[in-house]
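The structure under discussion appears below in the form of structure tokens.
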Amino acid sequence: MMVVQAEGGASVLETSPEQAGRAFDAIGAAGRQAMAEMRRVLGVLREESDGAAGRSPQPGLDAVGQLVDGVRRAGLAVELRVEGRPRPLPAGLDLTAYRIVQEALTNALRHARAGQATVTVRYGDERLELEVADDGQGPPSGLADPAANGHGLVGMRERVALFGGQLHVGARDGGGFTVVAQLPTGP
């Protein structure tokens, strides 16, 4: 349907711009609907394939030590630092923080060919800051916005934005890559 609408819109673009505009609007709506349906299907498939694992509690920052241990076993030397006083966080924020650290370490291990990384979790009075720095090759040279390259970094940006936070990613001085997420924890 989208292909037919695209071809129809293209064929009347010069002679009837309004009709072409309606065709392109219909393409956008059909695409959004298809993406929503695909997400629902993938969600069902994930639940079915996960079985009992899909019903287990979601991880939070209390499981970051286990995550770091697993990454170490995979071959990346990781140092974990916790600054400030750890405290309970809302479940969604706690899961988001864990997933950001997980994705940053995954990127360091798989894509950056890093040898070592440092994970710093900073508990402030009104915010949580996560920093993952590695000594890997960093982003491809000339990449203006490394966060736009790859689904993992885009996913991190979306997670942080959901909580009104900020994400900074980029090359480190002297080589490597850094991910810094700042998440508000106050009211």
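What you see below is based on every heavy atom in this structure, not just the backbone, and it leaves out hydrogens, waters and symmetry mates. As the structure is a computational prediction, the values presented were derived from the model and not from experiment.
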Check your understanding: Hey, is the main chain of Ala108 close enough, under 3.5 Å, to the side chain of Asp134 for a donor-acceptor pair?
Key -> no
**Study point:** All pairs passing salt bridge (charged side-chain N to carboxylate O under 4.0 Å, His left out) where residues 58-70 contributes a residue, at least two apart
**Key:** Asp69-Arg72
Check your understanding: Within a strict 4.5 Å, meaning less than it, do heavy atoms of the Gln116 and Val78 side chains meet?
Key -> no
Tell me which donor-acceptor pairs under 3.5 Å the side chains of residues 12-21 have, and how far apart each pair is, sequence neighbours excluded?
none

**Study point:** Close side-chain approach of Gln166 and Val180, heavy atoms under 4.5 Å
**Key:** no
Practice item. Heavy atoms only: give me the nearest Ala63-Pro59 pair and the separation to one decimal. Key: CB-CB, 4.2 Å
**Study point:** Gln137 side-chain N/O to His111 backbone N/O, donor-acceptor pair under 3.5 Å
**Key:** yes
Point to revise | Atom pair OG1 (Thr118) and CG (Leu80), whose distance is rounded to the nearest 0.5 Å | key: 9.5 Å
Review point. Side chain to side chain donor-acceptor pair (under 3.5 Å): which pairs involve residues 73-85, sequence neighbours left out?
Key: Glu79-Arg81, Glu83-Arg122
Review point. Do Leu105 and Val68 have side chains that get closer than 4.5 Å, going by heavy atoms?
Key: yes
**Study point:** Least distance between heavy atoms, Ala114 atom then Leu76 atom
**Key:** O-CD1, 3.3 Å
When the side chains of residues 87-101 are checked against the rest of the protein, which donor-acceptor pairs come out under 3.5 Å, sequence neighbours left out?
| unit_1 | atom_1 | unit_2 | atom_2 | d |
| --- | --- | --- | --- | --- |
| Arg87 | NH1 | Gly124 | O | 3.1 |
| Arg87 | NH2 | Gly124 | O | 2.7 |
| Arg87 | NH2 | Thr185 | OG1 | 2.9 |
| Asp94 | OD1 | Leu61 | N | 2.8 |
| Thr96 | OG1 | Gly92 | O | 3.0 |
| Arg99 | NH1 | Gln102 | OE1 | 2.9 |
| Arg99 | NH2 | Gln58 | OE1 | 3.2 |

Review point. Which side chain to side chain donor-acceptor pair (under 3.5 Å) pairs, counting each pair once, include a residue from residues 170-183, with sequence neighbours left out?
Key: Glu129-Gln182
Check your understanding: Looking at side-chain heavy atoms only, is the closest gap between Leu167 and Val169 below 4.5 Å?
Key -> yes
